[in-house]
Structure formats: structure tokens, C-alpha cells
Amino acid sequence: MTEIRLHNSRTRRKEAFAPLDAENVRMYVCGPTVYDRAHLGNARPVVVFDVLYRLLRHVYGEDHVTYVRNFTDVDDKINARARAMQEAGDARSLNEIIRALTDETIDWYHADMDALGALRPSHEPRATEFIVQMVAMIEGLIAKGHAYAAEGHVLFDVRSYPNYGKLSGRSVDDMIAGARVEVAPYKRDPMDFVLWKPSSAEEPGWDSPWGRGRPGWHIECSAMSHELLGPAFDIHGGGIDLQFPHHENEIAQSCCAHPEADFANFWLHNEMVQVEGKKMSKSLGNFFTVRDLMTGNSPHGRLSGMTIRLAFLLSHYRSPTDLSGRKVKNSRAILMELCSGLAQLGTKGLKELRLADPLDAVVEKLADDLDTAGALAEIRIRLKHTLGQSVTSDFLSTISTSLQLLGLDLRSIDSTYDLAIARDRENGLVGKYPEALELAKHTLENARKAAKISRDFREVDRIKAILASKDIEVRMSNSGVDLIRTPDFDPSVMDCLI
RNA sequence: GGCGAGUUGGCGGAGUGGUUACGCAGCGGAUUGCAAAUCCGUGUACAGGAGUUCGAUUCUCCUACUCGCCUCCA
């Protein structure tokens, strides 16, 4: 069996991964707070941990991996957004607005992440559906002397857990010396954090032994991972900015509530998405949503989900990455190259692609702490070596399956199809584009025929420019004209191509 | 201020105590009405300093710089 090695934030070293139970490998990843479209920073961990999920499924079997990613649907930011909507004239009650807002945001999230080629996790629990478990866990923590109630709040007593700060490599005393902690009169120690807090009458709230209130942010992950994965599981993932305080607090809660277990074995953290060297974040306002990019509302024009995904895969997950123009350009070019590779045997070859074993070299690269860039290099170099050679359907199936392991299912996208038709034409076969594309092709061919005689190529250039502006690549040779829809082609412009 | 991560050629990104992955971009050429695609050829790097060593980009220490966390954050 392939040995997977992963960088464990807990030990700050690359370690061999061994699941607690190979029959059920368990992973928990912190999901989004649902009040707004997901931005690129939210998308990166989705792609990173999707690759890990696929790798685990490959190594341990599809039915032997459980992946949980939560939705935080109770949070002060959600409340604030709902209040703003109310002030803007929304007549519904705060709770009604919140329910509608979180439902809609979850739908958006699903649509956007699906477009990035991410598999849905096994479970996507909403925090509000696990309040009972959270209350029970808080009660347990109080009973064990790790938490205390004060003025309607319940706080975790960080001094009761000697390992507090171990994950992020800091001590309680150092942090207090840093002096940027919130002091509240009801806290025993400034570092103590909230497990439960009171809600006003109109705010979302649940009855509890400490009065009507709502959970603090961190307890949901502890309660839901315990409920769905048990007291000990294999992998816990998230962005590096969650390492402190969120993950530190999760560890404190879970390990104190279930001292017999060890909570998460491996901690994986992805680095941040940057914009011009600075972290992309909502508080800085320098973010793009996935939706912005996919609709062309960005400096890079319209990007398909696959282009965005590939751009992420070109960087190692533990390095910061900047979605610069250069990177996007690179990503687009590589995507076309990959599609072209898959299309080498024409449309017939495309139909013959089946599920095969992925390349060993690709599995090995991924097993080495998710070296996605290395895995891509392995695929590309093999494709390159076959150019001009005779390739087999088996080989392309291997390539295709390897790409799918990276979440790049390029078999059925338009670019691959168009490139396959171009291949067919080279081989003297007549392929069929969609009607609008076929029409554009004939128009271009006729203009070109006329221009060859008149030596006036202005009309040809005009048509070419229009097609290029619509993300269609024009390839002309003595043997004919090929039109290739690029991966970022917008199907909605199909009606009026030229 | 405290803590952590990092610094490899124009860019992305591997790796090794001694022979400079890989890709993209660039440049030259073929091809093309011009392009695109494709093919052929080609240059450039290991932040700085000190140490260990026969020899360091690779080990140790120091410095500089970058980024992150310490406040909601993927």
C-alpha cells in the first residue's frame, strides 16, 4: 500500500500517515461561515483537502474514507448581516432573514465549489443542528472543572489545560504579554474564551442551563467532529490562520471533554491566498469571490472553475499563492495542453477513455505531502513524450484517471472535444461542432478563401478577433481551420458568435 | 513586542554534502497572409555573512528581508 507522508503541524514535521482504522479513515475540515459568497481564500482549502480526500479514497478505498466539513450558520457576522438587511427594509424577522441568508449562501457555496471540481464531503453538518451536543459538551467541561459560567456566559478556563498553546507554539503567558487580548470582567484569565453567550430576544438563541443563548465559535467543531467522527480521528484541516486561536481552542475543548482520546492525529494547514503579497481577506477588502472570477468580474477576465483549480494546484499547499495574471495565463495554457493530450486519438479515442489505474509517479508525488505541482509535471512530461508518437487508448485512460485524482476531469469539457475534432480532421474524418461553431467556421473558411485570392485579409482578421475575444482559439493551416473553445469559454455567448 | 513559517533562475516549483528536476515565459530558427498550434535549438539560480567539511545550494549559528498569527478570518 502507498505510504502517504504529510506535514503534521502538531510536530512541525513530515510524518508517515497511518490511519487509526484503515476501514474508516476520518477527516474533518473547517468550513465557511455562511453569510456571503465564498472568496478565493475560502476556496483554497476546499481544493487542497479535496485532493487529499481523493488520494485517501484511492489508497484506502472509496467507501473507507469519511470527510466532514461544517457550515457555521450561527455567528455574530451572520447576525450583523441580517440586521443590515433589516435596516435596509427587509420586513422579515431577524431569525427568518438569517435562515434565508444561510440557506442561500450554502446553495451558492455548493454551486461554486462544485465548479471547482470538489467532491462533496460525506457530511456537511450545520452548527445549528448540533446545539444539543454542544450544550452537553459544555456541561461536561464544567463538570470536569475546565469551564465556568459567569454572567450568562460560559468560559473555557485555559489555565486548566496545561497543553494550551502547544499546537501553535505559544504560551499563555507570552500571549498575555503580547497584550492584545480582550479583557472582560467575567473572565478569570484574559485568554479564557467563550463557549456559550447570551442572546437578546430577537437574536438566534437556544435554551440552556445558563439561560437562552448561543454557542461560541469554537465549540461547534469539537461537538460535530465528536458526533460524526468520534473522540479520536485521523486528520483535521484548515487554513493556517485558524491554527490560533480556533484550532488551539478546539483541541483544548475536545481533549478536556474526552481525555481518554487524542482528538485529531494529524493537523494540516494550508497557506494563504495573497493579492500582491498580502493575505486576501474580508477585513482587508482585497478579495475576489469565486463567482467574481467565473463571471469575468476580475482583472483576469472570465475563468472557469478548472482554471482556478489548476492555478491552486500549481502551488504547494503550504506556500502562499498569488493568483496573478501570470499565474492565470500559465494555468490556462497548461489546461489547453492537458486537454490536447487527452484528445490525441480524436473523438473516438475520447469515447474509449475509461477508468484505469493512475500513474504510480503521480500517486507518489501526491503521497509526498500533496505535491500537486510535481504530480502535474509527471503527467505533462509523459504527455509531451508521446506527442508525434503513436499513443494508445490505455495510456490516455491512465492519464485521464491521473488527472481525475487531481480533480481535473477534462474528458467532457468543450475544449477537449474541439481538440479531438481537430485531430479527426487531420486524419481525414469529418467531425461535427455545435451548429453555431460550425457556422462560424464556414464563415471564416469562406472569408479566408476569398482573401487568398484578393490578398486582403481584413475580413479574416476581423472574424478572428471576434472569436478570440470570446475565448475561442483559431487555428489555421493549409489543411483547414479549427476552432477550439478554450476552457474559459462562456457557453451563453454561443448564440451570437460572430 | 511575543510566537511561527519561509527566502532556489523572469515566474511557478522539486531536490541533493561533490555530476544545477520539471514546466512556463524569454531568445533564435522552421512553419504561417499575420497569428495560433506544433517542431528544432538556447541562456540564467540556490538572500547575505561566519562556521563544520577535502568539498555546502544541501548541516550549524548569526544577520537581513518577506509572510502569517497574537482581533473576525480559509
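Proteins come first, then strands; the chains are lettered A, B, ... in the order of their sequence lines, and each starts at number 1.
In this entry the distance linking CG of A/Leu467 with P of B/A36 reads 16 Å, nearest Å. Straight-line distance from the CG atom of A/Leu335 to the P atom of B/A37: 14 Å, rounded to whole Å. Note: CE (A/Met191) to P (B/C3) measures 15 Å, nearest angstrom. A straight line from CD1 of A/Ile240 to P of B/C70 spans 11 Å, rounded to a whole angstrom.
Partners of A/Arg326 according to the salt bridge (charged side-chain N to carboxylate O under 4.0 Å, His left out) rule, which considers only residues two or more places apart in sequence or in another chain, do not exist here.
As rounded to the nearest Å, B/A64 and B/A25 have C1' atoms that lie 30 Å from one another. Separating the C1' atom of B/A45 from that of B/A21 is a span of 13 Å, rounded to the nearest Å. Nucleotides B/U31 and B/A37 have their C1' atoms positioned 10 Å apart, rounded to a whole Å. Nucleotides B/C27 and B/U19 have their P atoms positioned 32 Å apart, rounded to a whole Å. The gap from the C1' atom of B/G48 to that of B/U57 amounts to 14 Å, rounded to the nearest Å. Using P as the reference atom, B/G43 and B/G23 are 14 Å apart when rounded to the nearest Å. Comparing B/C22 with B/G13, their C1' atoms sit 8 Å apart, to the nearest whole Å. Between B/U16 and B/U60, the distance separating the two P atoms is 14 Å to the nearest Å.
Defined by atom type and a distance below 3.5 Å, a donor-acceptor pair is present between the side-chain atoms of A/Lys327 and A/Ser315. Residues A/Arg126 and A/Thr102 bring a donor and an acceptor atom of their side chains to less than 3.5 Å of each other. Checking A/Glu124 against A/His110 by side-chain atom types alone, a donor-acceptor pair falls below 3.5 Å. For the 3.5 Å distance criterion, the side chains of A/Thr128 and A/Asp73 qualify, holding a donor opposite an acceptor. Between the side chains of A/His269 and A/Ser9, at least one donor N or O sits under 3.5 Å from an acceptor N or O.
Remark on RNA chain B: of its neighbouring residues A/His316 and A/Lys452, the 5'-side contact belongs to A/His316, judged by nearest-heavy-atom nucleotide. Map A/Ser168 and A/Lys327 each onto its nearest nucleotide of RNA chain B; the residue landing nearer the 5' end is A/Ser168.
Without hydrogens or angle criteria, A/Glu337 side chain to A/Arg380 main chain gives no donor-acceptor distance under 3.5 Å. Using a distance-only test at 3.5 Å, with no hydrogens or angles considered, a donor-acceptor pair links the side chain of A/Arg81 to the main chain of A/Tyr35.
With a cut-off of 3.5 Å on both pairing distances, the Watson-Crick and G-U wobble pairs of RNA chain B assemble into stems of 3 or more at B:1-7 with B:64-70, B:10-12 with B:22-24, B:26-30 with B:38-42, B:47-51 with B:59-63.
In the region residues 32-52 of chain A, proximity to RNA chain B at under 4.0 angstrom, judged on heavy atoms, holds for A/His39, A/Gly41, A/Asn42, A/Pro45. Residues of residues 297-311 of chain A that place a heavy atom closer than 4.0 Å to RNA chain B do not occur.
Of the candidate nucleotides B/C11, B/C69, B/G13, B/C11 has the atom nearest to the side chain of A/Arg326.
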Dump the intermediate steps for ring-ring contact (aromatic ring centres under 6.0 Å, His included) on A/His153 and A/Trp196, then the final yes or no. CA-CA 5 Å; A/His153 293 70; A/Trp196 189 263; over 10 Å; no
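Side-chain atoms of A/Lys464 and base atoms of B/C34 include a donor and an acceptor less than 3.5 Å apart. One can find a donor-acceptor pair under 3.5 Å joining the base of B/G33 and the side-chain atoms of A/Asp461.
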Check nucleotides 26-31 of chain B against the protein and report each pair of N or O atoms closer than 3.5 Å, with its distance, or say if there are none.
none

Expected rows: protein N/O vs nucleotides 20-24 of chain B N/O, under 3.5 Å:
from: B/G23; atom 1: O3'; to: A/Arg380; atom 2: NH2; distance (Å): 3.3
from: B/G23; atom 1: O2'; to: A/Arg380; atom 2: NH1; distance (Å): 2.4
from: B/G23; atom 1: O2'; to: A/Arg380; atom 2: NH2; distance (Å): 2.4
from: B/C24; atom 1: O2'; to: A/Asn330; atom 2: ND2; distance (Å): 2.9

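A/Arg318 comes within 4.0 angstrom of no nucleic acid atom, judged by non-hydrogen atoms across all strands.
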